[in-house]
Amino acid sequence: MRTYKLTVSCAAAFGALLFASACGHAGSYVWVDQYRPSVATDPGYAIGPGDVLSVRVLGHDEMSSRVKVRSDGRISLPFLNDLDVTGQNPAALGEKLRQDFKEFVNNPVVTVTVEETRPFTVSITGEVTRPGVYPLEPPASLLQAIASAGGLSQFARQDQIYVLRRAVESAPPVRIRFKYEALAHAEGQSGTFSLRRNDVVVVE
């Protein structure tokens with residue numbers, strides 16, 4: 001798989017690196033083999049800027065639309081004002097729109113599907129050759145992410161590789177620790193671990 005460095009705004013890249021740096025020395029962590037994600041950490045696909053959505057109201061083409069989520073996380077639909085959809089999954093958004101369309105239709109049937117997804121990117125910082133934000137093809141492994149950043153630097157501690165992951169936006173991130181040798185040999189959960197959107201990889 002061909003990977004390449006994604007061009008991002010200085011502010012976005014700087015923010016991601018600040019987040020990683022701030023959490024990289026928080027002290028507490030969990031080894032990947034002891035990591036047990038709760039249901040809350042996997043709410044399904046979360047809609048975000050750049051996604052293209054198909055919103056269908058059964059029997060009402062005038063209310064249906066194909067829309068792209070703008071950079072502010074909002075969409076515009078016929079009969080409704082701008083709506084903030086960031087972080088919602090398609091089913092939850094469909095139910096919300098069903099309630100909104102009740103003002104115009106009796107018992108509307110609304111379906112929301114994601115027709116095109118935004119790029120899957122992961123921030124990588126610390127002791128790698130080329131820190132940055134990289135696009136990856138899901139499901140992406142931690143080893144693929146490290147390889148996309150040019151591999152570990154000569155100063156990297158091979159038993160101090162972390163993935164910072166938030167269960168919910170308001171919660172502090174969980175620091176999941178890996179050993180490079182276990183990644184390279186696909187040992188234990190290291191061999192099956194997949195990165196998610198908004199994960200940050202830190203190599204110390």
### Message
Can you tell me how far apart CG (Asn198) and OG1 (Thr121) are? Round to the nearest 0.5 Å.
### Response
7.0 Å
### Message
Per the side chain to side chain donor-acceptor pair (under 3.5 Å) rule, what does the pair list look like for residues 71-82, sequence neighbours excluded?
### Response
Arg70-Asp72, Arg70-Ser76, Arg70-Asp82, Ser76-Asp82
### Query
Is a donor on one side and an acceptor on the other found under 3.5 Å between the side chain of Asp199 and the backbone of Val201?
no
### Task
For Lys102, enumerate each residue passing the salt bridge (charged side-chain N to carboxylate O under 4.0 Å, His left out) test, keeping only those at least two apart in sequence or located in another chain.
none
### Task
Supply the members, apart from Val52, of the Ile/Leu/Val/Met/Phe/Trp/Tyr cluster built from side-chain contacts under 4.5 Å; use none for a lone residue.
none
### Message
So, using side chain to side chain contact (heavy atoms under 4.5 Å, CB included) as the criterion, who are the partners of Ala156 when residues are at least two apart?
### Response
Glu127, Leu152, Ser153, Val203
### Query
Quick one: side chain to side chain donor-acceptor pair (under 3.5 Å) partners of Gln88, sequence neighbours excluded?
none
#### Entry: Close side-chain approach of Leu93 to Leu53, heavy-atom, < 4.5 Å
yes
### Task
Kindly check if the number of other-residue, nucleotide or ligand heavy atoms within 6.0 Å of CD (Glu95) is above 12?
yes
### Message
If the condition is side chain to side chain contact (heavy atoms under 4.5 Å, CB included), which residues does Thr117 pass it with, not counting sequence neighbours?
### Response
Tyr45, Asp51, Val114, Arg197
### Query
Going from CG on Leu164 to OG on Ser123, what distance comes out if it is rounded to the nearest 0.5 angstrom?
10.0 Å
### Query
With sequence neighbours left out, what residues match Lys96 under side chain to side chain donor-acceptor pair (under 3.5 Å)?
Asp100
#### Entry: Val32 reachable from Val30 in the ILVMFWY side-chain graph, under 4.5 Å edges
yes
#### Entry: Side-chain ion pair, Arg56 and Asp61, N-O less than 4.0 Å
yes
### Task
Identify, with sequence neighbours excluded, every residue that meets salt bridge (charged side-chain N to carboxylate O under 4.0 Å, His left out) alongside Asp159.
Arg177
### Task
Consider only side-chain heavy atoms of I, L, V, M, F, W and Y, link residues closer than 4.5 Å, and tell whether Val55 and Phe104 are in one cluster.
yes
#### Entry: Considering all heavy atoms, the nearest Val69-Ile47 contact
CG2-CG2, 3.8 Å
### Query
Rounded to the nearest 0.5 Å, what separation is found between the CG atom of Leu97 and the CG atom of Leu80?
6.5 Å
### Task
Please round to the nearest 0.5 Å and tell me the distance separating atom CZ of Phe193 and atom CZ of Phe178.
4.0 Å
#### Entry: Minimum heavy-atom distance Asp84-Gly73, with the two atoms named
OD1-O, 3.1 Å
### Task
Find the distance between CD1 (Ile161) and CD1 (Ile124) and round it off to the nearest 0.5 Å.
11.0 Å
### Task
Over all heavy atoms of both residues, which pair between Pro173 and Arg166 is shortest? Give the atoms and the distance, please.
CD-NH1, 3.7 Å
### Task
Rounded to the nearest 0.5 Å, what's the gap from CD1 on Ile176 to CZ on Arg165? Could you check?
5.0 Å
### Query
Which atoms form the tightest heavy-atom contact between Pro49 and Thr86, and what is the distance?
CD-OG1, 4.3 Å
### Query
What are the two closest heavy atoms between Ser148 and Tyr134, and how far apart are they?
O-CE2, 3.1 Å
### Query
Which residues satisfy the side chain to side chain contact (heavy atoms under 4.5 Å, CB included) test with Val105, sequence neighbours excluded?
His60, Met63, Pro108
### Message
Do Val200 and Tyr162 have side chains that approach each other closer than 4.5 Å (heavy atoms only, starting at C-beta)?
### Response
no
### Query
How would you list all residue pairs meeting side chain to side chain donor-acceptor pair (under 3.5 Å) that involve residues 183-195, not counting sequence neighbours?
Arg36-Gln189
### ring-ring contact (aromatic ring centres under 6.0 Å, His included) partners for Phe101, two or more places apart
none
#### Entry: salt bridge (charged side-chain N to carboxylate O under 4.0 Å, His left out) involving Arg66 - partner list, sequence neighbours excluded
Glu115, Glu116
### Query
Taking the side chain as C-beta and beyond, is there a heavy-atom pair between Phe79 and Glu103 under 4.5 Å?
no
### Query
So, does Arg98 use its side chain to make a donor-acceptor pair with the main chain of Val110 at under 3.5 Å?
no
